Chemist: 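One structure coming up, written as structure tokens, with questions to follow.
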2 protein chains.
Amino acid sequence: MKSTTDLNMVNAYIPGRADLAPATGAMIERRDALLGPAYRLMYEHPLHIVRGEGVWLIDPQGRRYLDVYNNVTSLGHCHPAVTEAICTQVRTLATNTRYLHDTILELAERLLASVPETRLAHLMLTCTGSEANDLAYRIAKVRTGGTGVIVTDTAYHGITDAVSKFSPSLGTTVDLGAHVRLVPAPRLYHAAGEDLGERFTRDVEAAIADLRRHGIQPAALIVDTLFTSDGILPEPAGFMRGAVDAIKRAGGLFIADEVQPGFGRTGEHMWGFQRHGVMPDIVTLGKPMGNGQPIAGLLATADALEEFGRHSRYFNTFAGNTVSCAAALAVLKTIEQEGLVPHAARIGDVLRDGIADLASRHEGIGDVRGAGLFVGVELVSDRGTRTPDRWLTSQVVNRMRDKGVLLSACAMGHNVLKIRPPLVLTADQAGMVIEALDAALTEARSAMPA
Amino acid sequence: MKSTTDLNMVNAYIPGRADLAPATGAMIERRDALLGPAYRLMYEHPLHIVRGEGVWLIDPQGRRYLDVYNNVTSLGHCHPAVTEAICTQVRTLATNTRYLHDTILELAERLLASVPETRLAHLMLTCTGSEANDLAYRIAKVRTGGTGVIVTDTAYHGITDAVSKFSPSLGTTVDLGAHVRLVPAPRLYHAAGEDLGERFTRDVEAAIADLRRHGIQPAALIVDTLFTSDGILPEPAGFMRGAVDAIKRAGGLFIADEVQPGFGRTGEHMWGFQRHGVMPDIVTLGKPMGNGQPIAGLLATADALEEFGRHSRYFNTFAGNTVSCAAALAVLKTIEQEGLVPHAARIGDVLRDGIADLASRHEGIGDVRGAGLFVGVELVSDRGTRTPDRWLTSQVVNRMRDKGVLLSACAMGHNVLKIRPPLVLTADQAGMVIEALDAALTEARSAMPA
């Protein structure tokens with residue numbers, strides 16, 4: 001069911017599909033003319049947003065939308081701890097890493113302190129998660145002498161030239177690299193009792209063998225540790241161990257992409273890899289790192305970095321600038337001070353339990369899963385066959401938007417609701433999400449084509 | 001004279017070469033432990049900077065350094081128009097391009113209005129110049145069906161995996177791509193009367209032919225329009241025309257990398273390509289775009305983007321966020337309101353004339369050149385043979401730092417002083433640069449090894 005219009009993005013605005021308010025239509029037209037054909041808006045009725053406040057996004061008419069989709073502003077929109085850190089620093093000094101400065105060192109110390117069980121020893125900074133994964137890949141190539149990359153079949157790791165080649169979720173019109181192999185994501189809901197750890201290990205081993213058969217040395221196994229674009233797949237904890245052992249035995253690195261799962265979202269640890277008890281050679285960081293300020297980066301072992309550091313200097317003008325570092329430091333302190341990791345666990349349970357309760361009244365809910373405040377709801381047209389219901393998913397996403405609750409969807413079948421609110425979501429607000437989902441599912445059912 | 005220690009970076013701090021104050025030494029040690037082996041500091045005695053103010057950088061002891069090197073903070077450090085735009089916006093809304101918002105549209109309109117003579121029609125935003133060049137390359141590949149890239153022999157275009165493969169200034173330990181061809185930069189000072197336009201055209205044509213001989217279709221000729229890392233090479237105006245025609249005839253795109261020359265620095269136009277009267281298919285933007293806020297991007301013709309937009313959606317979480325767009329808009333308005341383009345021309349003349357006057361007393365000055373507030377001073381050991389004097393260049397850079405004037409060096413011979421102050425530099429401050437350079441050259445001469 002691939003459309004060339006929405007290019008594999010389930011929740012894109014499609015021109016002409018819905019009647020828009022004249023002001024919105026005119027703004028979209030102006031935007032298309034200025035930004036060109038590669039940009040996408042969300043929802044059948046795109047949103048014009050002018051203000052953000054905690055878990056709320058606000059339009060020009062003052063209508064408030066409960067934002068349970070933006071995992072960047074993880075502390076809530078415009079959290080004062082971060083905005084004031086940015087304002088103070090931007091008025092004092094905004095400059096780069098070719099000078100000595102304290103903040104970046106304090107940031108590095110705090111980040112490295114969050115992974116005591118690993119051998120991760122160094123922090124490198126970039127501006128985006130794409131740059132972080134791109135740099136991780138450069139480092140892996142230098143360290144291993146290989147180029148081969150193994151990722152899951154609907155993975156997203158970013159949009160640089162190199163990284164887009166191992167981001168199959170961008171759709172079949174963006175070419176994978178000849179050095180890239182896909183393995184099935186660990187879909188417990190569809191596993192029919194199979195041991196997913198054994199299966200994943202076997203698949204990674206087969207990918208390694210296939211790369212070698214083509215004369216390609218494996219450089220890395222890269223996984224988003226919550227398998228975000230694969231459909232939010234947290235279970236079973238620990239299942240990655242065999243695959244990580246396999247890539248290391250083959251001389252490749254294990255890169256944990258924490259751009260989406262990281263910074264406490266799972267409600268258990270700061271990082272998604274920690275729930276699987278595996279040891280990454282490189283961990284990439286991004287999105288919520290500066291609560292909206294562009295900052296990303298990676299943690300690497302001394303062994304992974306040594307050769308790269310000998311051959312390549314690394315300078316990225318804006319990465320590690322004093323302002324972005326001040327924002328990231330404020331984020332780390334706030335997560336700790338506000339107890340957001342245990343809070344995410346608590347509210348995540350409320351949210352998942354409430355949605356699971358809806359399943360008794362809504363046949364379309366096939367599976368409810370997640371960790372902390374990253375929740376996936378798999379919608380199916382038939383619980384017996386577990387057939388993806390893309391139509392229902394799109395209905396629910398757009399109806400919830402109309403009710404004032406913002407979320408989106410993911411997975412190969414485009415049928416998994418992706419719910420990742422700011423970590424400060426309250427139990428009451430979780431209740432609003434559940435209530436809106438209940439109503440949206442009811443309405444969608446009565447709108448179902450015969 | 002390649003050193004594996006400084007990896008082709010003429011102005012890097014080399015551990016152990018100079019005695020450092022204990023506090024500085026301890027901070028460097030802490031930094032090396034935390035950030036690992038790929039980071040570099042500038043100067044024999046690295047600077048610890050805690051505050052910026054206009055053209056000044058300030059250390060913890062309150063010592064002020066005249067900053068004539070940072071072309072990011074082009075309006076001066078902490079310019080209030082930009083800091084207040086950032087503070088207002090960051091407290092109101094920091095979010096992404098999947099929602100409608102005004103600021104990005106106003107920014108696009110202003111940027112496109114700066115290139116009325118071209119067919120550039122769309123703005124796309126990234127966070128860094130590297131991402132902008134990486135995206136430009138992706139677009140060129142889709143548009144042309146080719147992969148071949150032609151760049152000058154000491155070019156720098158960024159540090160993503162793809163872009164580092166056509167950034168020879170990173171040094172010989174970073175591999176060029178098999179699809180990359182280098183052409184000599186247009187070194188008028190070394191041209192011995194040869195017509196550089198004809199020469200450059202011939203070289204680009206030969207590179208195209210060589211790519212084809214290897215079965216590679218050319219995708220793009222990419223040049224920094226002031227040839228920054230090649231040694232700051234502004235003349236002769238117009239010399240690029242034949243080469244641009246050649247790449248277009250061959251089915252490739254012409255990409256003008258304005259990350260360093262752009263935003264009025266040349267004192268003539270907003271963009272470096274405009275002095276050469278050539279029509280780019282894509283123009284990449286960066287460094288001074290947000291006066292320090294991470295924002296970069298590209299302008300492209302509708303023709304260049306059409307195919308890419310049909311095949312690939314483009315979403316970069318932080319690129320085009322409301323805060324970065326507010327900063328960039330403030331930068332454009334300030335350049336206009338403060339008349340910084342003509343100001344850059346005026347002060348650039350003062351600076352170049354003053355340095356040219358020094359040449360009568362300092363044999364080491366071989367050539368003084370530039371456009372606006374981008375000035376190159378080529379230092380030679382022998383004016384007759386025009387032999388690069390790398391030793392003298394390093395001496396001058398470090399002695400000027402000790403005198404409180406910050407600059408650096410570039411070019412294949414590592415012998416061109418790179419002077420690119422904030423555009424708000426005054427004539428008096430230009431005088432301070434000239435005076436410090438005079439003294440540094442005198443001291444270096446007396447320190448010269450026998």
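Given the structure is predicted, the values throughout are model-derived calculations rather than measurements. In the text below, chain A, chain B and the rest are named by the order of the sequence lines, each starting its count at 1.
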Chemist: Side-chain donor-acceptor pairs under 3.5 Å in residues 46-53 of chain B, sequence neighbours left out?
Modeler:
residue, atom, partner, partner atom, Å
Arg51(B), NH1, Glu53(B), OE1, 2.7

Chemist: At a 4.5 Å cut-off on heavy atoms, which part of Thr92(B) comes close to chain A: side chain, backbone, both, or neither?
Modeler: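 For Thr92(B), the contact with chain A is made by backbone and side chain together.
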Chemist: Using non-hydrogen atoms and a 4.5 Å limit, figure out which bit of Ser324(A) sits close to chain B: side chain, backbone, both or neither.
Modeler: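 Contact with chain B is through the side chain of Ser324(A) alone.
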Chemist: Chain B heavy atoms under 4.5 Å from Thr73(A): which part of the residue, side chain, backbone, both or neither?
Modeler: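 Just the side chain, heavy atoms under 4.5 Å.
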Chemist: Using non-hydrogen atoms and a 4.5 Å limit, figure out which bit of Ser164(A) sits close to chain B: side chain, backbone, both or neither.
Modeler: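 Side chain only.
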Chemist: Under the criterion side chain to side chain donor-acceptor pair (under 3.5 Å), I'd like the reasoning laid out for Tyr99(B) against Asp59(A): C-alpha separation, chi angles, the key distance, then a yes or no.
Modeler: CA-CA 10 Å; Tyr99(B) 309 105; Asp59(A) 78 7; over 6 Å; no
Chemist: Does the pair Phe315(A) and Ile159(B) meet the rule for a side chain to side chain contact (heavy atoms under 4.5 Å, CB included), with working shown?
Modeler: CA-CA 8 Å; Phe315(A) 180 67; Ile159(B) 42 80; over 6 Å; no
Chemist: Just to verify, what does Arg138(B) make a salt bridge (Lys or Arg N to Asp or Glu O under 4.0 Å) with, not counting sequence neighbours?
Modeler: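 By the salt bridge (Lys or Arg N to Asp or Glu O under 4.0 Å) rule, Arg138(B) matches no residue at all.
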Chemist: For a 4.5 angstrom cut-off between non-hydrogen side-chain atoms, does Leu93(B) reach Leu57(A)?
Modeler: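 When only atoms from C-beta onward are counted, Leu57(A) and Leu93(B) do touch, with a gap below 4.5 Å.
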Chemist: Would you check, one step at a time, whether the test side chain to side chain contact (heavy atoms under 4.5 Å, CB included) holds for Thr128(B) with Asn316(A)?
Modeler: CA-CA 8 Å; Thr128(B) 68; Asn316(A) 178 322; 3.8 Å; yes
Chemist: Is there a donor-acceptor contact under 3.5 Å linking the side chains of Ser130(A) and Glu131(B)?
Modeler: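 No, no side-chain donor-acceptor pair sits under 3.5 Å.
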Chemist: Can you sort out the partners of Ala162(A) under side-chain contact (heavy atoms from CB on, under 4.5 Å), two or more places apart, ordered by chain and number?
Modeler: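 Expected list: Asp134(A), Tyr137(A), Thr160(A), Asp161(B).
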Chemist: Is Gln89(A) close to chain B through its backbone or its side chain, or both, or neither, when contacts mean heavy atoms under 4.5 Å?
Modeler: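 Contact with chain B involves no heavy atom of Gln89(A) at all.
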Chemist: Give, as side chain, backbone, both or neither, the part of Ile86(B) having an atom under 4.5 angstrom from any heavy atom of chain A.
Modeler: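 It is the side chain, since no backbone atom gets that close.
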Chemist: Before giving the answer on side chain to side chain contact (heavy atoms under 4.5 Å, CB included), spell out for Asn70(B) and Asn96(A) the whole-Å C-alpha distance, their side-chain angles and the decisive distance to 0.1 Å.
Modeler: CA-CA 9 Å; Asn70(B) 281 298; Asn96(A) 65 58; 3.5 Å; yes
Chemist: Residues of residues 24-34 of chain A under 4.5 Å from chain B (heavy atom pairs)?
Modeler: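 Only Thr24(A), Met27(A), Ile28(A), Arg30(A), Arg31(A), Asp32(A), Ala33(A), Leu34(A) of residues 24-34 of chain A have a heavy atom under 4.5 Å from chain B.
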Chemist: Measuring heavy-atom distances to chain B, does Tyr156(A) have an atom under 4.5 Å in its side chain, in its backbone, in both, or in neither?
Modeler: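 For Tyr156(A), the contact with chain B is made by the side chain alone.
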Chemist: Any idea which of Glu306(B), Gln293(B), Lys141(B) has the most non-hydrogen atom pairs under 4.5 angstrom with chain A?
Modeler: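 Among Glu306(B), Gln293(B), Lys141(B), the one with the most close pairs to chain A is Gln293(B).
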Chemist: If we only count heavy atoms from C-beta on, is the Tyr13(A) to Leu100(B) side-chain gap below 4.5 Å?
Modeler: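 They are not in contact (no side-chain heavy atoms under 4.5 Å apart), so the answer is no.
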Chemist: Roughly how far apart are Ser408(A) OG and Arg98(B) CZ, rounded to 0.5 Å?
Modeler: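 With rounding to 0.5 Å, OG (Ser408(A)) is 8.0 Å from CZ (Arg98(B)).
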Chemist: Heavy-atom pairs under 4.5 Å with chain A: which of Arg91(B), Lys287(B), His79(B), Met124(B) has the most?
Modeler: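 Between Arg91(B), Lys287(B), His79(B), Met124(B), the count favours Arg91(B).
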Chemist: Mind ranking Gly286(B), Cys127(B), Ala94(B) by heavy-atom pairs under 4.5 Å with chain A and telling me who comes out on top?
Modeler: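 Answer, by heavy-atom pair count under 4.5 Å with chain A: Cys127(B).
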